[in-house]
Amino acid sequence: MDFFELVNKRRSVRKFKDEKVPKEVITKSLDAALLAPNSSNLQPWEFYWVKNEQKKLKLVEACFSQNAAKTAQELIVAVSRIDTWKRNKNLLMEDYKKRNKLLPVVDRYYNKLIPLSYVHDSFGLAGIIKKVFSIFIGIVGIFKPMPRGPIFKSDVFEIVTKTTALACQNFMMAVVAQGYDSCPMEGFDHSRIKKLLNLNSKSHVVMVLAVGKGDSKGIYGERFRIDNKFVIKEV
């Protein structure tokens with residue numbers, strides 16, 4: 001199928017058949033997820049493919065035992081992180097050096113601007129200091145465009161979560177392209193899943209992705225979309 005057929009075919013399936021999903025389908029879909037566009041190429045995502053049966057049962061329970069989770073053959077937890085930027089930045093710098101493409105502007109961006117954006121302390125003092133500086137930036141911004149964030153830790157979480165959501169979309173499209181179905185779930189107990197996966201306070205569970213072969217009763221209704229005129233604006 002072509003891209004537009006793929007987009008139309010993807011639906012959130014709430015019930016799956018009792019049919020195994022080949023390992024290579026998930027592997028290929030995860031590889032596709034990692035090709036998604038992301039902020040500053042810092043790739044602040046992690047995908048937990050939950051295979052252990054005991055953990056899987058606990059994950060289903062943490063997802064309130066909804067049908068999509070209970071009947072899924074595979075469950076993947078998409079996590080965004082604000083504490084992997086330094087490692088990933090260093091790996092990126094190494095790659096630039098190997099390619100002889102570490103230009104001064106690139107070096108300044110990753111070694112000065114990125115730390116300024118991502119460094120935060122446990123007490124929020126860094127955010128307060130950045131907020132004070134943002135007042136001066138706002139004054140300069142009256143006369144020319146200026147970078148106005150991120151300021152607080154929550155702003156960084158917003159960036160990495162948007163990025164991880166893009167990867168999730170790639171994953172779901174790859175699943176459909178291989179003849180299977182998925183359901184992105186946001187209904188879950190965030191704290192229980194973090195405990196289950198041993199995640200720290202600098203991580204955020206973005207969504208749980210259920211995968212399987214869709215049951216004929218897995219789609220609960222016809223697709224509805226708000227009329228384009230309400231959401232597409234020409235300015």
Side-chain angles (χ1 to χ4, degrees), residues 6 9-38 42-85 87-88 91 157 160-220:
L6 184 64
K9 190 175 187 305
R10 192 219 60 78
R11 296 291 304 273
S12 293
V13 174
R14 309 288 176 176
K15 185 179 180 182
F16 299 97
K17 294 179 181 178
D18 187 19
E19 180 182 323
K20 295 294 182 184
V21 177
K23 178 182 177 181
E24 54 268 26
V25 169
I26 303 299
T27 302
K28 197 171 181 179
S29 299
L30 287 170
D31 287 342
L34 301 184
L35 294 176
N38 59 94
L42 289 174
Q43 303 166 54
W45 46 46
E46 287 180 341
F47 292 87
Y48 291 79
W49 184 358
V50 182
K51 293 184 174 183
N52 180 279
E53 286 302 319
Q54 288 302 114
K55 287 187 176 182
K56 195 172 180 180
L57 288 172
K58 288 182 180 179
L59 179 57
V60 170
E61 184 182 5
C63 291
F64 310 126
S65 299
Q66 56 184 289
N67 250 354
K70 281 196 302 184
T71 62
Q73 291 298 310
E74 303 292 347
L75 290 170
I76 291 89
V77 182
V79 175
S80 61
R81 304 194 70 114
I82 63 170
D83 59 350
T84 57
W85 68 269
R87 179 201 65 190
N88 295 358
L91 291 170
F157 264 124
V160 298
T161 298
K162 285 189 291 186
T163 276
T164 304
L166 290 172
C168 291
Q169 180 72 353
N170 266 26
F171 176 87
M172 290 186 286
M173 289 300 185
V175 167
V176 175
Q178 297 175 85
Y180 291 86
D181 300 284
S182 66
C183 182
M185 295 179 286
E186 291 185 285
F188 50 77
D189 186 322
H190 190 275
S191 295
R192 285 179 181 271
I193 294 180
K194 289 186 74 170
K195 185 177 180 181
L196 178 67
L197 300 178
N198 196 28
L199 297 172
N200 63 24
S201 62
K202 295 183 179 180
S203 60
H204 176 70
V205 180
V206 178
M207 64 183 79
V208 179
L209 296 153
V211 181
K213 196 75 172 181
D215 186 274
S216 59
K217 297 180 181 179
I219 297 176
Y220 289 173

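- Listed by first and then second residue, the salt bridge (Lys or Arg N to Asp or Glu O under 4.0 Å) pairs that reach into residues 19-34 come to none, sequence neighbours excluded.
- Here Thr163 pairs with nothing under the side-chain hydrogen bond (donor to acceptor under 3.5 Å, both in side chains) rule; sequence neighbours left out.
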Would you mind writing out the side-chain donor-acceptor pairs for residues 50-65 within the sub-3.5 Å range, not counting sequence neighbours?
unit_1, atom_1, unit_2, atom_2, d
Asn52, OD1, Gln54, N, 3.0
Asn52, OD1, Lys55, N, 2.9
Lys56, NZ, Gln73, O, 2.6

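- For Arg11, there are no salt bridge (Lys or Arg N to Asp or Glu O under 4.0 Å) partners, not counting sequence neighbours.
- Judged as a side chain to side chain donor-acceptor pair (under 3.5 Å), the pairs with a partner in residues 199-210 (not counting sequence neighbours) are, in order, Arg81-Asn200, Asp83-Asn200, His190-His204.
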Side chain to side chain contact (heavy atoms under 4.5 Å, CB included), that's the test. Do Tyr48 and Leu199 meet it? Break it down for me.
CA-CA 11 Å; Tyr48 291 79; Leu199 297 172; 3.3 Å; yes
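- Residues forming a side-chain hydrogen bond (donor to acceptor under 3.5 Å, both in side chains) with Gln66 (at least two apart in sequence, or on another chain): none.
- Atom CG of Asp215 and atom CZ of Arg14 lie 14.0 Å apart (nearest 0.5 Å).
- Nearest heavy atoms, Phe47 versus Ala78: CE2-CB, 3.8 Å.
- Residue Met207 holds its CE atom at 9.5 Å from OG1 of Thr161, rounded to the nearest 0.5 Å.
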For residues 166-188, which side-chain donor-acceptor pairs fall under 3.5 Å, sequence neighbours excluded?
unit_1, atom_1, unit_2, atom_2, d
Asn170, ND2, Ala32, O, 2.9
Gln178, NE2, Val25, O, 3.2
Gln178, NE2, Ser29, OG, 3.0
Gln178, NE2, Ala174, O, 3.1
Asp181, OD2, Gly214, N, 2.8

Quick one: do Trp49 and Thr27 satisfy side chain to side chain contact (heavy atoms under 4.5 Å, CB included)? Show the steps, please.
CA-CA 10 Å; Trp49 184 358; Thr27 302; 3.9 Å; yes
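- When every heavy atom of Ser80 is checked against every heavy atom of Thr164, the shortest pair comes out as CB-OG1, 3.3 Å.
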Please report the C-alpha distance between Leu34 and Trp45 in whole Å, then the side-chain angles of each, then the deciding distance to 0.1 Å, and finally whether the side chain to side chain contact (heavy atoms under 4.5 Å, CB included) criterion is met.
CA-CA 9 Å; Leu34 301 184; Trp45 46 46; 3.4 Å; yes
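- Val13 is listed as a side-chain neighbour of Ile219, based on a closest heavy-atom distance under 4.5 Å.
- Considering only residues two or more places apart in sequence or on other chains, Asn67 meets the side-chain contact (heavy atoms from CB on, under 4.5 Å) condition with Lys70, Thr71, Tyr220.
- In this structure Arg192 satisfies the side-chain hydrogen bond (donor to acceptor under 3.5 Å, both in side chains) test together with Asp189, sequence neighbours excluded.
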